[in-house]
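Every chain is numbered from 1 and lettered A, B, ... according to where its sequence line falls, protein lines coming before strand lines.
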2 protein chains.
Amino acid sequence: MAITVLLVDDHPVVRTGLRALFDNSDDVQVVGEAASGEEAIALAEHLHPDVVLCDLRLGDGIDGVETTAALRAQQPAPAVIILTTFDRDVEILRAIEAGAAGYLLKDVSPATIVSSLKEAARGGMVLAPEMAKRVVDGMRHPRPRLTEREMEVLRLLGTGASNREIARELFVTEATVKTHLVHLFSKLNVESRAKAVSVARETGLL
Amino acid sequence: MAITVLLVDDHPVVRTGLRALFDNSDDVQVVGEAASGEEAIALAEHLHPDVVLCDLRLGDGIDGVETTAALRAQQPAPAVIILTTFDRDVEILRAIEAGAAGYLLKDVSPATIVSSLKEAARGGMVLAPEMAKRVVDGMRHPRPRLTEREMEVLRLLGTGASNREIARELFVTEATVKTHLVHLFSKLNVESRAKAVSVARETGLL
DNA sequence: CTCCTCCTCAACCCTTTGGTTGAGACGGAT
DNA sequence: ATCCGTCTCAACCAAAGGGTTGAGGAGGAG
């Protein structure tokens, strides 16, 4: 019995490519395509694919991570493999946490995609060695847990907002903003707003 | 006589998708595939395709813009269409300046790709309305021309460096850094280092 | 109830930044 | 020879940012 797979990617070209790729394989059958996370969730509800091959960026709607979480909550839950061009640490970690069975970059060979898919259908995990390394690194160096408010401040910080502007935006006083900033600096291990934005970008917090 | 096209994309999946797409079209014939800019330039030299369909990001080597410039310098010069996921203003402007006949986003329909390709083969330009708008906007609001030194300062600014750190890095005094910064702020039309980084990122200067 | 986290705010101090003016040196263009 | 753009630097001032201490209220967990 062939493995059934649902393709999720907002780029028609990529979907076409994947479909063409699996058409040459006897044991993989594409049972559906979705251009958004919402569509994917709805389709999976009916199609019950063995595996969902999902991009991380999905246009305007929900992203691949949220889609993965929703899919994994279904009964029966399909295996989800993330197939994307981006390889930032956070993305990978978030995807794994959400229940993804694998994380592939789009520059891998078609053969790898097919074999990964089979592995996932068997219930296995699919992580390229470099990916696996990042996962354990991510576990070892846990990303600081920022509170919701701190994240809001960080986001505004990224736009170049001054303390006064941040205060106005969040309906608090500058004193409060400064307090959040001090906590933020401490958690990110930096000593200036500029560096905070810089490291937040690097680590993917922003 | 069918239009000959060379596909350039570092993702095998995308190339497969495009190839599958054109296989259904009688008047378009894929004559080659390249996974890098260097490979594309070498192949075009021999194949003389009518059109080159090229991604902007091409892995580690030269990018799509440089590839476009090199291709347009060949005799006869193929038409070049940029097909990418990114739509930052600078990228588009740079691609057009380099001689691209079109700029498409990967989320367009397959039909659009085919028709755009034909248009380019006829010597025409292919710009989606929103793209065209950005181009004229880009012409109207010319990106500020920063000097080399100012760019270095801007780059360091992006890493969150303080004036002191920038000064050390560039082997000048803080006074000089401040002078550069004032010029930078004026050219970018901002009033703080944070905002400077923010708009530089938005406009693609950084 | 009490401990703890998070969010809020204030007063104080010192450092860094941003803005201004002015100026010397160098190289290329006219 | 002269102008112009670029890079360099200095001195000065006002504003913003960063660091500290302390503290009150709201809400959840034990």
Asker: Would you say dT16(C) has OP1 or OP2 under 4.0 Å from some side-chain N or O of Asn163(B)?
Answerer: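 For dT16(C), OP1/OP2 do not have a side-chain N/O of Asn163(B) under 4.0 Å.
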Asker: What is the separation between atom CE on Met151(B) and atom C1' on dT6(D), rounded to the nearest whole Å?
Answerer: 16 Å
Asker: Applying side chain to side chain contact (heavy atoms under 4.5 Å, CB included) between Arg94(B) and each of Thr68(B), Asp63(B), Leu56(B), report the one that passes.
Answerer: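 The side chain to side chain contact (heavy atoms under 4.5 Å, CB included) with Arg94(B) is passed solely by Asp63(B) among Thr68(B), Asp63(B), Leu56(B).
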Asker: Would Glu165(B) and Lys195(A) pass as an ion pair if we require N to O under 4.0 Å?
Answerer: yes
Asker: Check nucleotides 4-13 of chain C for protein N or O atoms closer than 3.5 Å to its own N or O atoms and list the pairs.
Answerer:
residue, atom, partner, partner atom, Å
dC7(C), OP1, Thr147(A), OG1, 3.4
dC7(C), OP1, Arg149(A), N, 3.1
dC7(C), OP2, Thr147(A), OG1, 2.5
dT8(C), OP1, Arg149(A), NE, 3.2
dT8(C), OP1, Arg149(A), NH2, 2.8
dT8(C), OP2, Arg149(A), NE, 3.0
dT8(C), OP2, His180(A), NE2, 2.9
dC9(C), OP2, Thr173(A), N, 2.7
dC9(C), OP2, Thr176(A), OG1, 2.8
dC9(C), O5', Thr173(A), OG1, 3.4
dC9(C), O5', Thr176(A), OG1, 3.4
dC9(C), N4, Thr179(A), OG1, 3.0

Asker: What is the distance from CG of Leu184(B) to C1' of dG18(C), rounded to the nearest Å?
Answerer: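 The distance from CG of Leu184(B) to C1' of dG18(C) comes to 13 Å, rounded to the nearest Å.
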Asker: Round to a whole Å and report the spacing from NZ of Lys195(A) to P of dG19(D).
Answerer: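 Spelled out: NZ on Lys195(A) to P on dG19(D) is 13 Å.
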Asker: Could you tell me the separation between the CG atom of Leu156(A) and the P atom of dG17(D), rounded to a whole number of Å?
Answerer: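 Whole-Å distance recorded here is 13 Å.
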Asker: To the nearest Å, how far apart are Phe185(A) CZ and dT15(C) C1'?
Answerer: 14 Å
Asker: Heavy atoms from C-beta onward define the side chain here; which of dG17(D), dG18(C), dT16(C) lies closest to that of Arg164(B)?
Answerer: dT16(C)
Asker: So, taking the atom named CG in Asn163(A) and the one named CZ in Arg168(A), what distance separates them when rounded to the nearest 0.5 Å?
Answerer: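 Spacing of CG (Asn163(A)) from CZ (Arg168(A)) equals 12.0 Å.
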Asker: By nearest heavy atom, map Val182(A) and Ala161(A) onto DNA chain D; which one lands nearer the 5' end?
Answerer: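 Nearest nucleotide further toward 5': that of Ala161(A).
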Asker: Could you go step by step and tell me if Leu6(A) and Val8(A) meet the side-chain contact (heavy atoms from CB on, under 4.5 Å) rule?
Answerer: CA-CA 7 Å; Leu6(A) 170 65; Val8(A) 189; 4.2 Å; yes
Asker: Nearest 0.5 angstrom please: Ile62(B) CD1 to Glu39(B) CD, how far?
Answerer: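 Atom-to-atom, Ile62(B):CD1 and Glu39(B):CD are 11.5 Å apart.
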Asker: For Arg155(A), is there an ion pair with Glu152(A) - N to carboxylate O distance below 4.0 angstrom?
Answerer: no
Asker: Tell me, with the steps shown, if Val13(A) and Ile113(B) meet side-chain contact (heavy atoms from CB on, under 4.5 Å).
Answerer: CA-CA 10 Å; Val13(A) 175; Ile113(B) 297 180; 3.5 Å; yes
Asker: In whole angstrom, give the distance that lies between atom CG of Leu188(A) and atom P of dG19(D).
Answerer: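 After rounding, the gap between these two atoms is 13 Å.
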Asker: Whole angstrom is fine here: how far is it from CG in Leu181(B) over to C1' in dT8(D)?
Answerer: 14 Å
Asker: Report the distance from atom CD of Glu191(A) to atom C1' of dT16(C), rounded to the nearest whole Å.
Answerer: 13 Å
